[in-house]
Participant: 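Have a look at this one before I ask anything.
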Amino acid sequence: MLQVTDIRENKDKYVKALAKRGIDANSVLDEVLKVDEARRSAQGQLDEVLAKSNSYSKEIGKLFKSGEVQKANELKEETTQLKESSKQLNEQMLAEAEKLQQLLYTLPNIPNDLVPAGTDEDDNEEIFSEGEVPKLMEGALPHWELAKKYDLIDFELGVKVTGAGFPVYKGKGARLQRALITYFLDKNTSAGYTEYQVPLLVNEASGLGTGQLPDKEGQMYHVGVDDLYLIPTSEVPVTNMFRGNLLNHADLPITCTGYTPCFRREAGSYGAHVRGLNRLHQFDKVELVRIEHPDKSYEALDGMVEHVKDILRELKLPYRILRLCGGDLGFTAALTYDFEVFSTAQDRWLEISSVSNFETFQANRLKLRFKDTDGKNKLAHTLNGSALALPRVLAGILENYQTEEGIKIPEVLVPYCGFDIIN
RNA sequence: GGAGAAAUGGCAGAGUGGUCGAAUGCGGCAGUCUUGAAAACUGUUGAGGGUCACACCUCCGGGGGUUCGAAUCCCUCUUUCUCCGCCA
């Protein structure tokens with residue numbers, strides 16, 4: 001959520017920045033400022049009335065104590081009018097505050113200066129690529145065929161048990177999956193991230209905190225009886241552990257990693273491009289979350305990018321890094337780098353990590369602050385990134401590492417798997 | 001799931017209708033003393049809004065109510081603890 005206090009002073013900055021997302025925010029921001037003004041004015045009047053009424057109450061207390069009952073009762077009469085107007089002003093103030101909140105909820109984060117202008121994924125900027133695309137043998141197969149051939153993943157079984165998009169991993173497929181999770185967590189913890197295991201169901205307040213609610217309700221599975229949401233990413237429970245916190249500047253940065261399954265309804269996406277592991281309702285992901293001092297957050301973002309690069313280098317997968325353009329940037333992000341692995345047999349790029357700086361956008365909703373060296377309380381910056389999302393990494397490995405003899409296991413994973421080839 | 005008790009500042013813990021934003025202790029910070037440190041002593045020490053700065057307003061688990069006035073009384077929700085039942 002954007003900060004009204006800042007919009008008040010730098011409206012033009014917001015108009016300009018949001019234009020990069022293709023949003024003409026001028027009139028909305030004017031409305032924001034109008035409602036904010038109305039809210040503050042009601043607040044001011046309310047404060048005045050309350051101050052008067054408080055002082056009357058004190059006076060009445062004193063009068064009763066000194067036995068001047070008559071006078072006290074007279075004063076009481078006077079407060080009834082105050083009470084009435086304070087009630088009205090309070091309602092007015094709350095109504096304006098609610099209106100303001102709703103308006104702010106509709107506005108996405110403002111993009112960083114580095115974000116290129118653009119309307120969709122075609123305008124994303126490739127900033128880096130690395131790794132060799134292997135020359136596959138004649139008759140190379142896409143991963144869903146490979147999964148079938150080597151009995152690694154059973155999609156039909158998942159359909160039977162649950163529905164489409166809920167694959168069953170089996171035998172060496174399951175083992176490879178587990179190996180990847182452990183390997184990722186090891187990489188992350190040795191880079192200094194603290195490992196967490198967090199709840200897979202979250203309450204409404206958490207969904208609001210990280211920005212999944214109220215806008216993207218349809219993306220999450222909702223458990224109606226208990227009013228809980230299945231997490232679409234561990235970013236939600238991990239970041240929300242710090243909701244409402246007032247940290248000390250010395251506590252920063254806070255760095256977390258966690259493995260969780262992720263659940264996404266993905267309503268409306270069907271067809272060939274979601275085949276196999278390309279898009280699922282349930283998938284595994286190892287996530288990184290950082291809470292940073294505002295002065296350090298972009299340095300930290302670069303550090304996360306380097307960290308993910310390091311993992312992909314070790315896995316020896318061909319990948320590229322995109323800087324998302326304004327039109328493709330997520331609602332809550334100020335700057336995002338997407339990592340894509342080249343899926344050889346499908347001849348397409350698959351997103352396997354997304355690393356973002358949210359600046360204060362989430363922190364403002366989360367009320368996640370820290371006491372800076374100057375003694376002032378400030379909103380922290382939050383960042384997160386996948387390291388990594390499992391299914392597409394698995395798809396990339398299966399497709400890129402297929403040979404006549406079978407699927408080779410990347411060297412770095414062999415100790416985790418206990419085998420070096422699937423055949 | 002049943003019965004009971006509780007929720008107060010960083011922590012512990014007073015406070016049952018008015019002078020309580022809240023005693024006291026610990027912790028934190030500053031100072032005195034000391035070559036330095038410890039101890040001791042003195043002072044200071046919650047958050048948010050608002051203001052140039054004051055004033056002023058709000059917050060004692062969340063929400064609602066009674067009252068001129070609520071940490072204190074009532075309703076409700078949540079959480080924690082104790083006992084019983086069930087259970088990976």
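The model shown is predicted, which means the values in this text are computed figures rather than measured ones. Proteins come first, then strands; the chains are lettered A, B, ... in the order of their sequence lines, and each starts at number 1.
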Participant: Please report, rounded to the nearest Å, how far the C1' atom of B:rG50 is from the CD atom of A:Q45.
Facilitator: 15 Å
Participant: List in chain and number order the residues that pass side chain to side chain contact (heavy atoms under 4.5 Å, CB included) with A:A205, two or more places apart in sequence or in another chain; answer none if no residue qualifies.
Facilitator: A:N203, A:R243
Participant: Any sub-3.5 Å donor-acceptor pair from A:N248's side-chain atoms to A:A250's backbone N or O?
Facilitator: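 Yes, because the side chain of A:N248 sits within donor-acceptor range (under 3.5 Å) of the backbone of A:A250.
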Participant: Given that both distances must come in under 3.5 Å, which nucleotide forms a Watson-Crick or G-U wobble pair with B:rC86?
Facilitator: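 Here B:rC86 is not engaged in any pair, so there is no nucleotide opposite it.
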Participant: Over how many whole Å does the gap from A:N245 atom CG to B:rG46 atom C1' extend?
Facilitator: 15 Å
Participant: So does A:K76 get a side-chain nitrogen or oxygen closer than 4.0 Å to the phosphate oxygens (OP1/OP2) of B:rG69?
Facilitator: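 No.
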Participant: Does B:rA23 have a Watson-Crick or wobble mate here (both distances under 3.5 Å), and if so which one?
Facilitator: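 For B:rA23, the partner nucleotide comes out as none, under the 3.5 Å rule.
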Participant: For nucleotides B:rG31 and B:rA22, find the distance between their P atoms and express it as a whole number of Å.
Facilitator: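 Between the two P atoms, the distance is 26 Å.
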Participant: Is B:rU44 paired to anything, Watson-Crick or G-U wobble with both distances less than 3.5 Å, and if yes, which nucleotide?
Facilitator: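 Pairing partner, where one exists within any strand: B:rG28.
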Participant: Under a 3.5 Å cutoff, is there a donor and acceptor pairing between the side chains of A:Q212 and A:Q219?
Facilitator: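 No, no side-chain donor-acceptor pair sits under 3.5 Å.
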Participant: How many whole angstroms separate atom CG of A:N364 from atom P of B:rG49?
Facilitator: 11 Å
Participant: Does NZ or CZ of A:K285 come closer than 6.0 Å to the centre of the six-membered ring of A:Y259, within 45° of the ring's axis?
Facilitator: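 No; the conditions do not both hold, so A:K285 does not lie above the ring face of A:Y259.
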Participant: Would you compute the distance between atom OH of A:Y56 and atom OG1 of A:T79 and round it to the nearest 0.5 angstrom?
Facilitator: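 That separation rounds to 9.0 Å.
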Participant: If a protein heavy atom is under 4.0 Å from the base, mark B; if only from the sugar-phosphate, S; if neither, -; do that for nucleotides 54-66 of chain B going 5' to 3'.
Facilitator: --SSS--------
Participant: In whole Å, what separates the C1' atom of B:rG62 from that of B:rC56?
Facilitator: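 To the nearest whole Å, 27 Å.
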Participant: Each nucleotide N or O in nucleotides 15-18 of chain B that has a protein N or O under 3.5 Å away: list the pair and distance.
Facilitator:
from: B:rG18; atom 1: N2; to: A:S57; atom 2: O; distance (Å): 2.7

Participant: For B:rA12 versus B:rG65, give the span between their C1' atoms, rounded off to a whole number of Å.
Facilitator: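 B:rA12 and B:rG65 have their C1' atoms separated by 33 Å.
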Participant: Now, which nucleotide makes the Watson-Crick or G-U wobble pair with B:rC52, with each of the two distances under 3.5 Å?
Facilitator: none
Participant: What is the base-pairing partner of B:rU79, counting Watson-Crick and G-U wobble geometry with both distances under 3.5 Å?
Facilitator: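 B:rU79 is paired with B:rA6.
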Participant: Do A:D372 and A:K378 sit within salt-bridge range, that is, some charged N less than 4.0 Å from a carboxylate O?
Facilitator: yes
Participant: Between B:rC26 and B:rU45, how many Å separate the two C1' atoms, rounded to a whole number?
Facilitator: 13 Å
Participant: Rounded to whole Å, please give me the gap between CG in A:L82 and C1' in B:rG69.
Facilitator: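 One finds 13 Å between C1' of B:rG69 and CG of A:L82, rounded.
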Participant: How long is the line joining CD of A:E77 and C1' of B:rU67, in whole Å?
Facilitator: 15 Å
Participant: Under a 3.5 Å cut-off for both distances, is B:rA39 Watson-Crick or wobble paired, and to whom?
Facilitator: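 The answer is none; no pair meets the criterion.
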Participant: Watson-Crick or G-U wobble partner for B:rC60, using a 3.5 Å limit on both distances?
Facilitator: none
Participant: Between atom CG in A:N73 and atom P in B:rU67, what is the gap in whole Å?
Facilitator: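 Distance check: A:N73 CG to B:rU67 P gives 15 Å.
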Participant: Say you pick atom P in B:rC29 and the same atom in B:rU78; how far apart are they, in whole Å?
Facilitator: 41 Å
Participant: Determine the contact category for A:K371: base if any of its heavy atoms lies under 4.0 Å from a base atom, sugar-phosphate if only primed atoms, P, OP1 or OP2 are that close, otherwise nothing.
Facilitator: sugar-phosphate
Participant: Which comes earlier along RNA chain B counting from the 5' end, the contact point of A:R40 or that of A:T79, where each point is its nearest nucleotide?
Facilitator: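 Its nearest nucleotide lies further toward 5', so the answer is A:R40.
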Participant: Let's test this: given Watson-Crick or G-U wobble pairing with both distances under 3.5 Å, identify the partner of B:rU67.
Facilitator: none
Participant: Would you measure the distance from the P atom in B:rG46 across to the matching atom in B:rA55 and give it in whole Å?
Facilitator: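 14 Å, rounded to whole Å.
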Participant: Only distances under 3.5 Å count here; give the side-chain donor-acceptor pairs of residues 355-363 of chain A to other protein atoms, sequence neighbours excluded, each with its distance to 0.1 Å.
Facilitator:
from: A:S356; atom 1: OG; to: A:T336; atom 2: OG1; distance (Å): 2.8
from: A:N357; atom 1: OD1; to: A:E359; atom 2: N; distance (Å): 2.8
from: A:N357; atom 1: ND2; to: A:S297; atom 2: OG; distance (Å): 3.0
from: A:E359; atom 1: OE2; to: A:Y298; atom 2: OH; distance (Å): 2.3
from: A:T360; atom 1: OG1; to: A:Q3; atom 2: NE2; distance (Å): 3.0
from: A:Q362; atom 1: OE1; to: A:T382; atom 2: OG1; distance (Å): 2.7
from: A:Q362; atom 1: NE2; to: A:T210; atom 2: O; distance (Å): 3.3
from: A:Q362; atom 1: NE2; to: A:E235; atom 2: OE2; distance (Å): 2.8

Participant: Output the rounded distance in Å from CG (A:N248) to P (B:rU45).
Facilitator: 19 Å
Participant: What orientation do A:Y193 and A:H307 show, parallel under 30°, tilted 30 to 60°, or perpendicular over 60°?
Facilitator: tilted
Participant: Please give the distance between the P atoms of B:rG25 and B:rU35 as a whole number of Å.
Facilitator: 30 Å
Participant: Distance check needed: B:rG69 C1' versus A:E59 CD, whole Å only.
Facilitator: 13 Å
Participant: Which pair of heavy atoms, one from A:M304 and one from A:N384, lies closest together, and at what distance?
Facilitator: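 Of all heavy-atom pairs spanning A:M304 and A:N384, the closest is CE-C, 3.5 Å.
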Participant: Only counting residues at least two apart or in another chain, list the ones meeting side chain to side chain contact (heavy atoms under 4.5 Å, CB included) with A:L50.
Facilitator: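 Checked A:L50 against side chain to side chain contact (heavy atoms under 4.5 Å, CB included); matches are A:L46, A:S86.
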Participant: Test of understanding: with ring pair (Phe, Tyr, Trp, His ring centres under 6.0 Å), list the residues that count as partners of A:H222, not counting sequence neighbours.
Facilitator: A:Y229
Participant: If we take the C1' atom in both B:rG15 and B:rC54, what is their distance in whole Å?
Facilitator: 31 Å
